[in-house]
Every structure is written in C-alpha cells, then in structure tokens.
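Scope of the values below: all heavy atoms of this structure, side chains included, with no hydrogens, waters or symmetry mates. For reference, positions follow the sequence shown, starting with 1.
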Amino acid sequence: MQQVSVRKAETQLSKLIEQASHGDDILIVEGGVPIARLSAIGSSRVGRRFGAMAGRARIDERFFEPLPEDELSAWEG
C-alpha cells in the first residue's frame, strides 16, 4: 500500500485517484499517522439482464380481476 502525505495528496489528487481506480490502495498520512485511505469502490451499476426473474414470479387469474371500488378510487385520487 502506497503512503502519501496530506500535502502530496492535495497536489496530486487526480493522479492518486487514477491509481486507485486501477486497484491500488493509497494511505494518506499526516505526521506519519494514517488518517485516510483512498481506494476504488466496486462498480455501483448492476447490469440488468432481460428475463432474470423468469420463473420466480407467479401471476394467477386474480391479478386480472378489477380492483374493488374503494381501492380503485384511492389510486385514481
């Protein structure tokens, strides 16, 4: 793990972010004491796959029945 001072981190932040995005962990120290760690986060985007729920959801004939009047009026306002 690479260690850098706060001053160096301030002046070279873009470079350090680039390194972190490639998997390096950077420890930011002040006076030799670790105060922060810069590391990449995992991909926050979860790809959606068509048909991923196939066979997991079941819809029976009740799904297609009209809603009761009180519930329908609640939806329609």
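Evaluation of the side chain to side chain donor-acceptor pair (under 3.5 Å) rule for Asp70 yields no partner, not counting sequence neighbours. With sequence neighbours excluded, no residue forms a side chain to side chain donor-acceptor pair (under 3.5 Å) with Arg49. For Pro66, there are no side chain to side chain contact (heavy atoms under 4.5 Å, CB included) partners, not counting sequence neighbours.
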Side-chain donor-acceptor pairs under 3.5 Å in residues 20-40, sequence neighbours left out?
unit_1 : atom_1 : unit_2 : atom_2 : d
Ser21  : OG     : Glu18  : O      : 2.7
His22  : ND1    : Glu18  : O      : 2.7
His22  : ND1    : Glu18  : OE2    : 3.4

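The stretch residues 2-17 participates, sequence neighbours left out, in no side-chain hydrogen bond (donor to acceptor under 3.5 Å, both in side chains) pair at all. Residue pairs satisfying the salt bridge (charged side-chain N to carboxylate O under 4.0 Å, His left out) criterion with at least one member in residues 51-63, sequence neighbours excluded, are listed as follows: Asp60-Arg62.
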